[in-house]
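Have a look at the structure below, then the notes.
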Amino acid sequence: MRIMVINGPNLNLLGQREPGVYGHQTLAWIEDHLRGLGAGLGLEVECRQSNHEGELVDLVQRAGRECQGVVLNAGAYTHTSIALRDAVAGIATPVVEVHLSNPAAREPFRHVSYLSGVCAGCISGFGWQSYALALLWFARRTEGGPGPVVAEGQRI
Ligand code: CA2
């Protein structure tokens, strides 16, 4: 199973500033770790990062054609981007929204996610392990029968 891990704006700066909020790990470290973890779970993990909204839309569309799952940390675009929401809604591939921090415990403008409503679920507040938990879900989601009903008539 091929999974694309997509990181949005400023996440290329991880490990350089605000370690109290986002952790000490660099993006390169997280990506390496996820590829290794994925291999152990039978997942092929492709990692991408962009600071540009349109490029993120392109990546989501490509993942919809080439991958069986997407782990998406859209950064600040989480709270602003209808274009990214439409891109996620437009693919059949399940997308898990992840965040390093817990946006619900931060400033009010971070409490709104344009993405949550079109994602399979959201994992936040666990640092880099938020991504690892998302990979675990993809690796295990076909076990144990059909998933829960997430909206009327819609299963994940
Ligand atoms: O907690 C998360 O993962 C966020 O998606 C991170 C975004 C933020 O806008 C979201 O509300 C929550 C910001 C990422 C900025 O990353 C930086 C990393 C190091 C230095 C500066 C920014």
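In each ligand, atom 1 is the first atom listed, and ligand 1 is the first ligand listed. Both backbone and side-chain heavy atoms feed into the values below; hydrogens, waters and symmetry mates do not.
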Heavy atom of the protein closest to [atom] (residue, atom name, distance):
atom: atom 16 (O) of ligand 1; result: Asn10 O, 3.6 Å
atom: atom 8 (C) of ligand 1; result: Arg110 NH1, 3.3 Å
atom: atom 14 (C) of ligand 1; result: Leu11 CD2, 3.8 Å

Original post:
In terms of atom number and element, which parts of ligand 1 are under 4.0 angstrom from non-hydrogen atoms of Ala76?
Top reply: 9 (O)

**OP:** Would you mind listing which atoms of ligand 1 come within a distance below 4.0 Å of any non-hydrogen atom of Leu13?
**Re:** 19 (C), 20 (C)

Original post:
Angle class for the Phe109/His79 ring planes (parallel below 30°, perpendicular above 60°, tilted otherwise)?
Top reply: perpendicular

Backbone, side chain, both or neither: what part of [X] comes under 4.0 angstrom of ligand 1, heavy atoms only?
X: His79; answer: side chain
X: Arg17; answer: both
X: His99; answer: both
X: Leu100; answer: both

Answer yes or no: is there a side-chain heavy-atom contact under 4.5 Å between [X] and [Y]?
X: Glu46; Y: Val5; answer: no
X: Val95; Y: Val118; answer: no
X: Gln49; Y: Asn51; answer: yes
X: Leu13; Y: Asn10; answer: yes

Would you say ligand 1 has an N or O under 3.5 Å from any N or O of [X]?
X: Thr78; value: no
X: Glu18; value: no
X: Ser101; value: yes
X: Tyr22; value: no

**OP:** Output the distance between atom CG (Leu11) and atom CG (Asn73), rounded to the nearest 0.5 Å.
**Re:** 5.0 Å

**OP:** For a side chain to side chain donor-acceptor pair (under 3.5 Å) with Arg2, tell me which candidate from Glu66, Glu44, Gln68 qualifies.
**Re:** Glu44

**OP:** Assess whether salt bridge (charged side-chain N to carboxylate O under 4.0 Å, His left out) is satisfied between Glu55 and Arg62, documenting all intermediate values.
**Re:** CA-CA 10 Å; Glu55 273 182 33; Arg62 181 158 75 76; over 6 Å; no

Original post:
Only one of Ile123, Asn7, Val96, Leu72 forms a side-chain contact (heavy atoms from CB on, under 4.5 Å) with Tyr131, so which one is it?
Top reply: Asn7

